Amino acid sequence: MPEAKAFASQFVSSQHRDETAELGMWVFIATEVLLFGGLILGYFVYRHAYPAAFAAASRHTDIVIGAANTAILLTSSFLVACAVDAFSAETRKICVALLSGAIVLGLTFVVLKSIEYSDEYREHLIPGIDFNFDAALTNGAQLFFVFYFVATALHALHMLVGVALLAVLATLTYRLPSSRHRAALHSGALYWHFVDVVWIFLFALIYLPGRSS
Amino acid sequence: MTAWRPPLPLVAAWLALIALLGLTVMLAYVPLHMFNAVVALAIGCLKAAIVAAVFMELRHRGRRTFIFAGAGLFWLGILLWLGLMDFLTRT
Amino acid sequence: MNEDNYLNAGFSLRSWFFTTDHKRIAILYFASLIFFFFVGGAAATAIRIELATPQADLVSSDMYNRLFTMHGIIMVWFFLIPSIPNTLGNFMVPLMIGARDLAFPRLNLLSWYLFMLGGGVTLFAILAGGVDTGWTFYTPFSTLYSNSYVTVAVTGVFVSGFSSILTGLNFIVTIHRLRAPGLTWYRLPLFIWSLYATSVILVLATPVLAMTLVLIAVERLLGVGIFDPRIGGDPLLFQHLFWFYSHPAVYIMILPGMGVINELVSCFSRKAVFGYKFVAWASLAIAAIGFLVWGHHMFVAGQSLLASLVFSFMSFIVAVPSAIKVFNWTATLHKGSIHFDAPMLYALAFIGLFTIGGLTGLFLACLAFDVHATDTYFVVAHFHYIMVGGMVTAYFGGLHYWWPKITGRLYSEYWARTAAVLIFFGFNLTFFPQFVLGAEGMPRRYHVYPPEFQVWNVLSSGGAVILAVAYLMPMFYLGYSLFFGRRAPANPWNAPGLEWQTPSPPPEYNFDTQPVVTRPPYQYSPDFEAEPQNA
Amino acid sequence: MWRDWVPFWHPGVSPHGEEVDLLFAGLLLASALVLGLLFFLLALFCVRYRASNTIDRGHRVRKSWHWEVGWTAASFVGFLGLFVWGAGIYFQIYQTPSDELSVFVVARQWMWKVQHNGGQSEINALHIPVDRPIRVVMASQDVIHSFFIPALRLKHDVVPGRYQDIEITAHVPGHYHLFCAEYCGTEHSGMTGEIVVMEAADYAAWLAQQMPSSPLAQEGGALFRELGCSGCHGHGSKVRAPPLEGLYGRPVPLADGSFVTADEKYIRDSILLPRSQIVASYEPVMPSFEGKVSEDQLLRLVVYIKSLGGHSS
């Protein structure tokens with residue numbers, strides 16, 4: 001009977017193990033908040049220094065793709081939350097389907113993001129490689145786009161990790177849903193939602209400024 | 001397949017999030033001067049709060065998880081507060 | 001000695017390099033840290049020899065800059081930060097809280113591999129040609145002007161940062177979730193409290209450094225970056241981000257040292273730590289307030305006056321909990337029954353040296369004096385009193401204290417005391433003259449210097465020789481004890497902590513039966529001699 | 001004087017140097033008291049309560065909180081006093097300099113280039129008259145350097161991308177060290193120089209003896225025409241640009257309704273980042289000169305514009 005050795009010896013019970021794992025994920029998320037925090041401080045500092053350039057640069061981003069990606073991520077988060085709810089032996093196929101939906105949406109996000117990147121390349125908006133902007137605002141705009149590319153690339157990296165994670169979880173769930181996998185799915189879902197939250201703020205910082213002028 | 005329906009709170013949260021997204025995009029085009037930024041960030045915070053409370057199930061968690069979730073934000077606040085203090089008060 | 005312990009649970013390389021046993025991982029860390037300590041120490045020795053004369057005679061300026069950079073990077077990220085947490089902490093945390101392992105053993109192993117990977121990459125940068133930016137990587141020098149291996153070195157530090165984060169995460173969760181039944185927060189040893197505080201910093205500060213290093217790499221690779229003054233970027237932003245990590249990092253180094261001192265002082269005066277709750281909360285206060293003081297590195301850098309004022313004030317405030325600890329240790333001695341074994345000698349040395357380091361820290365927190373003293377040898381002396389006089393001394397003290405538990409062997413008390421005394425004198429001779437140099441205005445990171453500073457530099461270099469010899473001594477007598485030392489009983493110090501309630505060395509899963517705690521910590525019996533051990 | 005009694009100690013020779021020395025003495029005294037008390041107690045306890053000593057160890061202090069509160073409060077109050085003392089002098093050190101006599105310092109790897117208003121320039125040396133406040137306007141051409149004169153108890157970083165001005169005054173004639181205190185690359189430790197403090201008459205003689213190419217303002221004027229600035233800012237030009245006569249030191253109304261004082265920093269920023277602060281009722285048409293002028297040229301332009309008259313403050 002594998003259930004006897006289902007949890008490592010430092011734990012008292014499998015529930016103890018699962019709660020510990022979730023706590024670990026929360027600590028990891030706190031770390032991640034500060035990882036993006038450094039970038040966000042830089043963003044605010046330069047937005048304060050170059051308000052006009054930031055507004056102008058922001059207008060050059062593609063709000064349609066940005067908003068679509070936000071909707072996509074919010075929906076994928078919704079699907080993942082549903083998948084956590086649907087995790088049980090009876091409904092495991094629904095759970096897998098929901099996860100697959102989230103994976104597809106996640107990949108769509110990345111694809112749209114790369115389309116956006118290539119558009120920006122064509123518009124000469126990549127600092128250091130090929131940057132061409134209204135001469136008067138070029139400094140602030142470069143700083144904006146450095147922030148933009150670093151932040152969104154880092155976020156996209158998180159997305160890819162998340163997609164891989166969801167794929168593994170979907171496979172495990174499909175094969176044999178156990179309480180161990182429920183905990184794993186739970187932690188994976190926390191991570192996915194966190195990546196979603198990061199994007200909510202990036203969206204507000206990158207796409208929205210300067211639209212009204 | 002057994003009958004499974006998405007729980008109501010999740011659906012409600014999802015709808016609210018999409019609605020807020022629409023709202024924030026719309027308000028971005030309304031000239032409010034400096035309040036545009038405030039509104040955008042306030043709606044962002046609201047959305048994040050919904051995701052945290054409903055999707056991340058924070059509303060069902062105890063004090064400890066709350067502290068863990070809040071610690072990152074609190075220290076982010078320190079970083080932004082003291083970091084920006086220098087740049088906002090330079091002469 | 002029990003025959004069934006973690007050391008003889010397997011002898012293959014695989015049983016070491018793929019172990020998930022926190023004790024074996026601690027040993028892996030210990031071995032790696034000795035190596036890095038040696039590398040960083042060699043650089044320090046070369047620096048001190050060069051500075052014995054005012055001219056350049058041993059190395060070129062370029063080489064000198066690479067040497068102090070290597071010394072800084074290796075010592076900070078590959079020795080001081082991981083030292084106590086990853087060796088003594090890794091070994092002792094589960095034992096002291098009555099757990100069978102850390103919460104995430106595989107993450108713990110991954111953390112060591114990341115550490116080694118980061119260390120390897122950094123060593124490669126050094127061997128390939130070195131880095132000449134100083135450990136602080138200040139922009140725009142590091143990004144636009146230095147043509148050394150900055151990107152590689154930054155990558156190494158970046159990777160090792162994740163090792164720090166994972167260790168911190170593991171400790172936090174373990175201390176929250178895996179305490180033995182009855183082991184409430186106020187029954188925890190203070191070493192655990194201080195490691196908890198350390199972990200909070202590791203988890204919350206390190207990612208900011210990681211991001212900053214990424215931005216440096218981006219700026220170097222693309223030539224356009226977020227700190228580039230040519231496009232209106234602000235180099236001071238880099239300093240803010242860097243010190244947001246690197247000042248709390250100083251507390252990452254010293255807090256575990258303070259934790260060790262609590263254990264030593266109470267054990268060797270056979271008395272509970274005075275004011276337990278105050279000391280416990282002082283650790284957390286230091287960790288929290290430590291995040292509010294980073295700008296005191298920038299009093300002359302051109303930050304706003306208000307920012308300087310706030311950061312100076314906070315720096316004074318953070319000294320209060322440190323002062324509380326020093327007073328409490330002293331009060332612990334009162335009416336104790338004091339034994340002067342080697343660990344206690346280290347503990348007493350720590351209290352003295354840390355206090356000097358702390359007080360001179362106040363000099364530097366004091367705005368007007370900092371204008372004169374910053375970037376001089378005064379700062380160098382100050383932080384060496386904290387990090388070497390404080391942290392490394394505590395590390396040696398803790399190592400001697402727990403050595404019987406870790407290895408199951410007893411070391412030579414005579415040689416241990418000799419080394420402790422020698423370290424104390426060598427240290428003071430090395431670093432006290434640097435206070436004078438700094439007050440007289442000798443800038444740090446100077447390869448050649450005006451001849452009037454030579455006297456003090458010669459004293460310092462002479463002290464460094466003594467210190468180097470003294471630091472080598474433990475390698476010999478501790479190494480000797482590994483093979484020829486007497487077998488250690490389970491509880492050689494007759495201490496009440498949980499780690500002493502299991503045989504030395506501990507069995508693979510730490511405790512044969514789950515310990516249950518019913519008393520507060522540090523309930524020492526006055527007699528020092530251990531009860532007879534089972535043979 | 002008390003500072004002469006301390007061996008190895010060279011007293012500060014600036015007005016605030018004496019105060020910093022006094023602060024240092026105060027800090028040393030406070031530390032000595034704390035350390036003395038601590039070491040005394042440590043020694044006392046170690047001897048009295050050594051294990052082999054049979055002494056009464058009963059009646060231990062159990063309730064600790066009033067001790068804790070006591071020393072917490074004592075440290076706090078002590079620290080607060082030191083904070084206020086240090087902060088007060090700090091504000092004095094970095095007070096806004098008067099504009100009586102200015103010199104310009106351009107720092108670069110690895111030298112200090114000093115320019116006097118009359119066109120005299122020197123490398124790694126700065127001659128100043130005794131007892132007169134000198135305003136030092138500093139810029140860096142490459143990395144961060146730090147202008148450090150130990151004898152004046154004064155230091156300030158020179159960050160590329162902006163002007164930094166500080167005031168220095170020396171009471172005692174003599175030669176003093178000038179160091180670069182911020183690590184700046186290979187020859188960092190060679191980036192040293194000396195401050196020569198001279199009597200007023202000697203200083204005047206020294207100035208006269210130097211071979212001035214031509215006054216800075218004059219060279220700046222030549223540059224002003226060469227770079228085409230006069231095309232818009234000169235008299236009778238077709239493009240409407242703000243006049244520069246009498247600009248220096250005056251409050252300038254900006255397009256966003258705020259005012260900024262036209263000091264060196266403002267003029268420098270207006271040349272490099274013309275559109276960051278638009279003068280009210282003018283079109284933002286000026287091109288940026290970022291990367292087109294060196295720090296040396298820039299300061300000549302600034303001095304020239306300054307020489308066009310203005311509020312003498």
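Numbered from 1 within each chain, the chains take letters A, B, ... in sequence-line order. The figures here come from the full heavy-atom set of this structure, side chains too, leaving out hydrogens, waters and symmetry mates. Model, not experiment: these values are computed from the prediction.
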In terms of heavy-atom proximity below 4.5 Å to chain A, should [X] be classed as side chain, backbone, both, or neither?
X: Val51(B); result: side chain
X: Ile43(B); result: neither
X: Ile67(B); result: neither
X: Val54(B); result: neither

Do [X] and [Y] make a side-chain contact, defined as non-hydrogen atoms from C-beta onward lying under 4.5 Å apart?
X: Ser58(A); Y: Tyr207(A); answer: no
X: Leu99(A); Y: Leu79(A); answer: no
X: Ile200(A); Y: Leu74(A); answer: yes
X: Leu21(B); Y: Leu17(B); answer: no
X: Thr20(A); Y: His16(A); answer: yes

Are the ring centres of [X] and [Y] closer than 6.0 Å?
X: Phe54(A); Y: Tyr50(A); answer: no
X: His60(A); Y: Phe133(A); answer: yes
X: Trp26(A); Y: Phe68(B); answer: no

Answer with side chain, backbone, both or neither: which region of [X] has an atom nearer than 4.5 Å to a non-hydrogen atom of chain B?
X: Ile29(A); value: side chain
X: Asp85(A); value: both
X: Phe44(A); value: both
X: Ile63(A); value: side chain
X: Ala71(A); value: both
X: Val198(A); value: neither
X: Thr31(A); value: neither
X: Glu32(A); value: neither
X: His193(A); value: both

Contact leader toward chain A among Asn36(B), Leu32(B), Leu27(B), Leu84(B), where contacts are heavy-atom pairs under 4.5 Å: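 Between Asn36(B), Leu32(B), Leu27(B), Leu84(B), the count favours Leu84(B).
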Closest-packed option against chain A by number of heavy-atom pairs under 4.5 Å, given Pro31(B), Pro6(B), Gly22(B), Ala52(B):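 Top count of heavy-atom pairs under 4.5 Å with chain A: Pro31(B).
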Aromatic ring pairing [X]/[Y], orientation class (parallel under 30°, perpendicular over 60°, tilted between):
X: Phe147(A); Y: Tyr43(A); answer: tilted
X: His155(A); Y: Trp199(A); answer: tilted
X: Phe149(A); Y: Tyr117(A); answer: tilted

Below 4.5 Å, heavy-atom pairs only: which of [options] has the largest tally toward chain B?
options: Val84(A), Thr70(A), Ile40(A), Thr75(A); answer: Thr75(A)
options: Val197(A), Val80(A), Val27(A), Leu41(A); answer: Leu41(A)
options: Gly66(A), Ala30(A), Ala81(A); answer: Ala81(A)

